[in-house]
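All chains are named by letter (A, B, ...) in the order of the sequence lines, taking the proteins before the strands, and each is independently numbered beginning at 1.
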Protein chains: 2
Amino acid sequence: MEDIAREAGVSRAPVSLVMRESPKVSPERRRAVLESAAALGYSPNRLASRLASRRTRTFGVLLLDLHNPVFADVYDGIAEGVAGTGNQLMVAVGSADPAAETEAIRSFVDLRADAVLLAGYTGTPEQLAAVLRGTPAVVITREVPVDGVDCVLSDDLRGGELAVEHLHELGHRRIAHLDKPEWLPYPSRRQGYLNAMRRFGLEPILLEGDMSERGGFRAMNEYLDAGAPVPSAIVAYNDVTALGVLDSLVSRGLRVPDDVSVIGYDNTELAASPLLGLTSVDLHAREIGKIAAGVALERLAGATGPRIIRRLKPTLVRRRTTAAPSGN
Amino acid sequence: MEDIAREAGVSRAPVSLVMRESPKVSPERRRAVLESAAALGYSPNRLASRLASRRTRTFGVLLLDLHNPVFADVYDGIAEGVAGTGNQLMVAVGSADPAAETEAIRSFVDLRADAVLLAGYTGTPEQLAAVLRGTPAVVITREVPVDGVDCVLSDDLRGGELAVEHLHELGHRRIAHLDKPEWLPYPSRRQGYLNAMRRFGLEPILLEGDMSERGGFRAMNEYLDAGAPVPSAIVAYNDVTALGVLDSLVSRGLRVPDDVSVIGYDNTELAASPLLGLTSVDLHAREIGKIAAGVALERLAGATGPRIIRRLKPTLVRRRTTAAPSGN
DNA sequence: TTGAAAGCGCTAACAT
DNA sequence: ATGTTAGCGCTTTCAA
């Protein structure tokens, strides 16, 4: 920067101003500075600039899993939300390992991200509070009771109910639910399922499997292999596992929805594909991401006050994998 | 840091060493330092540390599109490749807009990433060279002729041929190809298709559509609406567009593979899903990512020499969407 | 508007 | 093994 100043015949201050596109520099000087910067192959060092200015204008975004398309939607929403605000996004991928997630968040904090957006945090509230050290954070799709941490999520309890209500209305009575209880810090969908089942006086059937297509496939296979009577409908934790369930059913010669109905969750593009036509509970991922970005922006703009909890209402998108039970 | 030093009764140097987990500090001092750091709620500033040390131990990873699962695979490969090397990943999402991509790369460079890994760069070589300013870079899935830029990719020319050869062997003669020529800086797959078609003395049929499920869906719909004779087989640019093609065919009442065969490209988990069973050309995305990380690591370890070009052989994974043509 | 000076919070020689 | 001293490359007062 000093070289540029010398080359352009000015001191260092105007160079700094030109780089930040400040209007307080006369046009001719600005041109001179820009020219010698180009001539010298100057590349600004944002580490230094951020260190000195104590502002990074950057949000850290943690995405749980790139293989689940719902996070692409959440990301799009966040990107839409920060567009035009002059803020940047740096993203890290968590892989559902609390230690890795904590490390990623720590990295954001140490890099002095202005705020942190967590889409799919699986650790404990205590860990989160410890690693955040006061950095503004908004947790997406989960409610984490930590002071100063805002949450934007879908009403998963209601979503679970919605799925059961839809199936019950179609005439289903043997309705199973698939998720991964001991791992998941997101029990609300199952709870909603259980609530609705009890309300209808139905017996819950709980299956367990990893939260992936493969996990859904295996869990369903194991259940069928065990010789248990086939449920007439299955509520899967999300679209990806629902796809695995479909894989399993179809590979066993069971027809969907003729023999078994299947509901997913997230309403990803996967579910929306005309070929699959997966009935799914829409948690409005993109909108959630956008709102989360908005909340972070508000905090940066100085909004104080208690934790913000925004809980959107999920909606059921009915497609071709659910229908009235045939036999029974 | 000075506060910690005072609190622990030492000077600043050992504090810095403790933070970097250096072994040159006596255990009792280390403990004292750690204690007062915790007591004071110390959070190291990595901006300052990176600025002072002039090393960031961070790779910038640019991902073209989160909605295409192939990039999740590439990312996994990169993550696997850098695991245990003490390097971190910072990722940015490109959205297939050269301006946005350039901005993301500039950001990596300005933040002094040690290297940059570009999965799906769509800009020109000149732009890339200009923004890189000497930062080591490896471009993934594309060959970009820029000095000092390494490339790890699949032999797309061969991949295009592979698809046609497979279909030809099954007995297909009216084989169409779908991609987006004017936008895509990746013409090799189409070229491979064209080469093989010419070799077999067949007439090429070129369809155009956006590189997304929706794009494939629309392109196929338009083609069918135009009343052109239905091809007996379709080679799609990638799995995502292939899914769109399937959507279109099935919604028109055409059966796959009985009436039309379809081949995708990338062999993503989407294609591998038993439900879809999409025949696809595997470009070994995860391995490519891993190799790319390895190349970057080599460069950082001081490997000089000319540009490295690693071109993997694609393989065809045959599933249920391709079969011998029935009627003709 | 521009110039000079004092940091931002850390690392890296070096000397002890 | 520990303390001291100079920076890393920028921004930001403050004066001029």
Side-chain angles (χ1 to χ4, degrees), chain A residues 1-34 36-37 40-58 86 88 106-114 133-135, chain B residues 1-38 40-58 86 88 106-114 133-135:
Chain A
M1 216 158 108
E2 200 151 330
D3 298 341
I4 295 177
R6 190 173 22 238
E7 183 86 0
V10 297
S11 88
R12 281 170 39 188
V15 178
S16 173
L17 291 174
V18 167
M19 288 310 157
R20 279 175 287 153
E21 301 177 4
S22 153
K24 325 190 208 180
V25 173
S26 60
E28 61 264 39
R29 297 223 156 184
R30 140 177 258 99
R31 237 179 38 83
V33 167
L34 254 21
S36 41
L40 294 175
Y42 172 74
S43 157
N45 186 326
R46 284 205 225 189
L47 292 173
S49 122
R50 290 180 176 189
L51 178 61
S53 70
R54 311 162 67 79
R55 276 190 0 273
T56 61
R57 291 196 152 290
T58 297
Q88 295 184 50
R106 189 197 313 287
S107 180
F108 287 150
V109 170
D110 292 353
L111 252 15
R112 298 297 185 263
D114 288 338
R133 295 177 186 286
T135 302
Chain B
M1 214 156 108
E2 201 152 327
D3 298 342
I4 295 177
R6 191 175 18 238
E7 183 86 2
V10 297
S11 86
R12 281 170 38 188
V15 178
S16 173
L17 292 174
V18 167
M19 288 309 156
R20 280 176 285 154
E21 301 177 5
S22 153
K24 322 191 210 177
V25 173
S26 61
E28 63 264 38
R29 297 224 155 186
R30 138 177 259 98
R31 235 178 41 81
V33 167
L34 253 20
E35 258 174 30
S36 42
L40 294 175
Y42 172 74
S43 156
N45 187 326
R46 282 205 227 189
L47 292 173
S49 129
R50 289 180 176 189
L51 178 60
S53 70
R54 311 161 68 77
R55 272 183 14 268
T56 61
R57 291 199 153 288
T58 296
Q88 295 184 50
R106 189 197 313 287
S107 180
F108 287 150
V109 171
D110 292 353
L111 252 13
R112 298 297 185 263
D114 287 339
R133 293 179 185 287
T135 303

Engineer: Assign A/R20 to base, sugar-phosphate, or nothing according to its heavy-atom contacts below 4.0 angstrom with the strands shown.
Structural biologist: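 Base contact.
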Engineer: Considering only side-chain heavy atoms of B/S53, which listed nucleotide, D/dC10, C/dA4, C/dA12, is closest?
Structural biologist: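 Nearest nucleotide to the side chain: C/dA12.
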Engineer: Is there a side-chain contact between B/L111 and B/T56, using heavy atoms and a 4.5 Å cut-off?
Structural biologist: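 The answer is no, as the side chains (C-beta and beyond) never meet within the 4.5 Å cut-off.
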Engineer: Strictly below 4.0 Å: does B/R50 bring a side-chain N or O up to OP1 or OP2 of D/dC8?
Structural biologist: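 Looking at the OP1 and OP2 atoms of D/dC8, neither is under 4.0 Å from any side-chain N or O of B/R50.
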Engineer: Any idea which of C/dC10, D/dC10, D/dG3 is nearest the B/A48 side chain?
Structural biologist: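 Taking heavy atoms from C-beta onward, the closest nucleotide is C/dC10.
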Engineer: C/dC10, D/dC10, D/dG3: which one has an atom nearest the side-chain heavy atoms of B/S11?
Structural biologist: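 Within the option list, the nearest is D/dG3.
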Engineer: By the 4.0 Å heavy-atom rule, please label B/R12 as base, sugar-phosphate, or nothing.
Structural biologist: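 Counting heavy atoms under 4.0 Å across all strands, the contact made by B/R12 includes a base.
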Engineer: Which nucleotide sits closest to the side chain of B/L51: C/dA12, C/dG3, D/dC8?
Structural biologist: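 From the listed options, D/dC8 comes nearest.
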Engineer: Examine the side chains of A/R46 and A/S53 and answer whether a donor and an acceptor come within less than 3.5 Å of each other.
Structural biologist: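 A/R46 vs A/S53: no donor-acceptor pair found between side chains.
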Engineer: Round to the nearest Å and state the distance from B/M1 atom CE to C/dA12 atom P.
Structural biologist: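 Nearest whole value for this atom pair: 11 Å.
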Engineer: So does A/R6 pair up with A/E2, basic N to acidic O under 4.0 Å?
Structural biologist: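 No, no charged N to carboxylate O under 4.0 Å.
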Engineer: With a 4.0 Å cutoff (strictly under), does any side-chain N or O of B/S26 reach OP1 or OP2 of D/dA1?
Structural biologist: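 The answer is no; no side-chain N or O of B/S26 sits under 4.0 Å from OP1 or OP2.
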Engineer: Please check the phosphate of C/dT2 (OP1 and OP2 only) for any side-chain N or O of A/R29 closer than 4.0 Å.
Structural biologist: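 Checking C/dT2 against A/R29, a side-chain N or O does come within under 4.0 Å of OP1 or OP2.
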Engineer: Is the phosphate of C/dT11 approached by B/S16 (side-chain N or O, under 4.0 Å from OP1 or OP2)?
Structural biologist: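 Checking B/S16 against C/dT11: at least one side-chain N or O falls below 4.0 Å of OP1 or OP2.
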Engineer: Side chains of B/S49 and B/R20: is there a donor and an acceptor less than 3.5 Å apart?
Structural biologist: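 No.
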